[in-house]
Amino acid sequence: MLWLKNVHLVDPGQGISDKASLLIKDGKVAKLCRGEKQLTEEEVLMTLGVSELKDVKQVDGEGKFLFPGLVDAHVHFREPGQEDKEDINSGSRAAVRGGFTSVLAMANTQPVIDTRALVEFVRLQGERAGLARVYPVAAVTKGFQGRELTEMVDLQKGGAVAFSDDGLGIQSAETMRLALEYAKLTGCPLISHCEDTSLAGQGVMRKGEASARLGLKGIPASAESVMVARDALLAGETGGKIHIAHVSTKESVWVIRAAKKLGIDISAEVNPHHLLLTDEDVQLTNSSYKVNPPLPSREDQEVLLEGLLDGTLDMLATDHAPHTWEEKMRPFAEAPFGINGLETALAALWQELVLKDKIKPEKLIELWSLNPAKRFALQGGTLKAGSPADMVLFDPEWQERVTAESLESKAQNTPFLEKELQGFPIMVWVGGKLVMKNRKIVEKQ
Ligand code: DOR
């Protein structure tokens, strides 16, 4: 039982950005009192059904924000098969340290998550870790071969909340069309990694002046946007539900905006690295800047932020993609694509966008908690009375240097390594259980 006092609650689902106190009982929000009015001791005891205050844990959150737990619709936890990069336990630790209480784990593991047994395995490993809520995303096609569809209805029964061959674009429009039709039986969105491989070729960064200067093969923006257009049209034709992963080009934003106007059931996410870094930042000697889709041009980046602010793009997601140091030490062109994101994402956006007044805290939380929870029909996303107590106490003043030792993730492939960031979660609860305190995981007793 918990009494959280004097926090600044940001809960866009209830339209609240105000001083508040909350009572937590049986893993849920039992009462919320907003404004300067304080709960009386009597009210606390009555609501929580105890006779003495000593039975109630009290936390004074003066000067801190309270957010509904963040929901990350895009992480790679690598289990089964590549546990040297990450596993579901280490990924879950990284998640809650970063303020994420729910994550959608992508299916590009080894083997890929294309059977009900594998979906159940991911879900159970998440439960065993006992930290963030881990929701499996199942493959669209068997073995990620891009041809034969998986048994989506059965996979949903096993716990899948979405379907995706993320990591690979589905090259055949016919397969995509069928998949959209079939996924309608589940009501779950299909998450599309939009990448036309005939256009992407052997590229390793965004095609443009910067790639020419570095002498690296470029990926044209069209490799993404033509497939966004294709998938939007297919969703429109079939009445299917599509979610576009990691949008990184202005043309994709234009297409999604037009598709929404046409009433197509489309949503989209943006990754923090695409909002904070550009192709001009790419360093030949640091493959932590190598990611797919690649870092955008400055112009693209501006349109991405506009798209988030005007509601064209629905959510933020990390695309947390851990890789071993050995792999990332290879020459830029040969290193794998991916940025480790869970533990730096919120602080980096806070520092670069919120503190610079480019985005309001209320919008940030809408994009990172309410909207993904709604789109993927998950619990959470708000702290209204009766909701699960998935909560983040956030200290806007907390400064920290990102070091290899401090990360809970097994991997360190982040461009923010050795950088100082400001604004971090200091306490995180999942279903009322404290899982992170003072930047450290609360270990199981
Ligand atoms: O950079 C990326 N890494 N993009 C993806 O789509 C896949 C991911 C990975 O799995 O490493």
Side-chain angles (χ1 to χ4, degrees), residues 72-88 90-91 94 103-113 122 136-141 144 146 162-171 190-197 199-200 202-206 216-217 219 223-224 227-228 231 243-249 252 268-277 279 281-282 286-296 316-328 330 332-342 344-345 409-416:
D72 195 345
H74 195 148
V75 304
H76 297 271
F77 280 177
R78 310 298 190 201
E79 187 180 347
Q82 295 181 305
E83 291 86 350
D84 49 340
K85 296 176 193 255
E86 194 80 290
D87 59 32
I88 292 172
S90 63
V103 296
L104 267 62
M106 288 297 165
N108 64 338
T109 48
Q110 288 175 3
V112 301
I113 308 301
V122 171
V137 175
V140 176
T141 69
F144 270 32
F163 302 96
S164 184
D165 280 7
D166 180 76
L168 288 177
I170 294 175
Q171 301 303 307
L190 221 144
I191 302 175
S192 182
H193 168 116
C194 290
E195 180 183 7
D196 180 316
T197 49
L199 288 166
Q202 298 304 307
V204 294
M205 68 176 287
R206 173 68 72 235
L216 290 173
K217 280 213 177 87
I219 300 174
E224 171 181 302
M227 203 180 266
V228 174
D231 288 353
H243 174 77
I244 310 293
H246 41 52
V247 172
S248 75
T249 76
S252 300
E269 74 192 31
V270 182
N271 306 148
H273 44 264
H274 291 133
L275 290 172
L276 301 176
L277 302 165
D279 56 352
D281 294 309
V282 171
N286 186 350
S287 75
S288 285
Y289 291 84
K290 180 173 175 182
V291 65
N292 193 18
L295 297 176
L316 291 156
T318 62
D319 194 0
H320 176 77
H323 291 289
T324 64
W325 195 245
E326 290 73 26
E327 291 168 301
K328 279 295 209 179
R330 293 182 196 147
F332 196 93
E334 289 151 40
F337 289 98
I339 289 179
N340 185 320
L342 283 168
T344 51
S409 170
K410 288 188 185 181
Q412 294 102 44
N413 52 303
T414 160
F416 298 106

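For ligands, and for the atoms within them, numbers begin at 1 and follow the listed sequence.
- Within the 4.0 Å heavy-atom shell around ligand 1 one does not find H74.
- Close approach to H193 involves these atoms of ligand 1, each under 4.0 Å from a residue heavy atom: 6 (O).
- Below 4.0 Å from some heavy atom of V291 lie the following atoms of ligand 1, by number and element: 1 (O).
- The closest approach between any non-hydrogen atom of P336 and ligand 1 is not below 4.0 Å.
- From the protein, the heavy atom lying nearest to atom 9 (C) of ligand 1 is R78 NH2, 3.4 Å.
- Heavy-atom contacts of D319 reach the following atoms of ligand 1: 4 (N) (cutoff under 4.0 Å).
- Within the 4.5 Å cutoff, no side-chain heavy atoms of I339 are placed close to those of D319.
- In summary, the atoms of ligand 1 found under 4.0 Å from a heavy atom of A321, numbered by their order in the structure, are 3 (N), 8 (C), 9 (C), 11 (O).
- Atom 1 (O) of ligand 1 has as its closest protein heavy atom N292 N, 2.9 Å.
- With hydrogens left out, the protein atom closest to atom 3 (N) of ligand 1 is F337 O, 3.1 Å, a heavy atom.
- Closest of all the heavy-atom pairs between D165 and G146 is OD2-N, 4.4 Å.
- Tested against H246, the residues H273, H193, H274 include a single ring pair (Phe, Tyr, Trp, His ring centres under 6.0 Å) partner, H193.
- Judged purely by distance below 3.5 Å, without hydrogens or angles, the side chains of T324 and D84 never pair a donor atom with an acceptor atom.
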Exercise. Going through the checks in order, is the side-chain hydrogen bond (donor to acceptor under 3.5 Å, both in side chains) test met by H320 and D72?
Worked result: CA-CA 9 Å; H320 176 77; D72 195 345; over 6 Å; no
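- Ligand 1 has at least one atom lying under 4.0 Å from a heavy atom of H246.
- Look at H323 and you'll find a heavy atom under 4.0 Å from some atom of ligand 1.
- Taking each heavy atom of F77 and L342 in turn, the nearest pair found is CE2-CD1, 3.7 Å.
- Counting all heavy atoms, side chain and backbone alike, D166 lies closest to A245 at OD1-CB, 4.1 Å.
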For this session: Decide side-chain hydrogen bond (donor to acceptor under 3.5 Å, both in side chains) for H323 and N340; before the verdict, give the C-alpha distance in whole Å, the side-chain angles of both, and the deciding distance to 0.1 Å.
Result: CA-CA 8 Å; H323 291 289; N340 185 320; over 6 Å; no
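- Here I339 has no heavy atoms under 4.0 Å from ligand 1, in either its backbone or its side chain.
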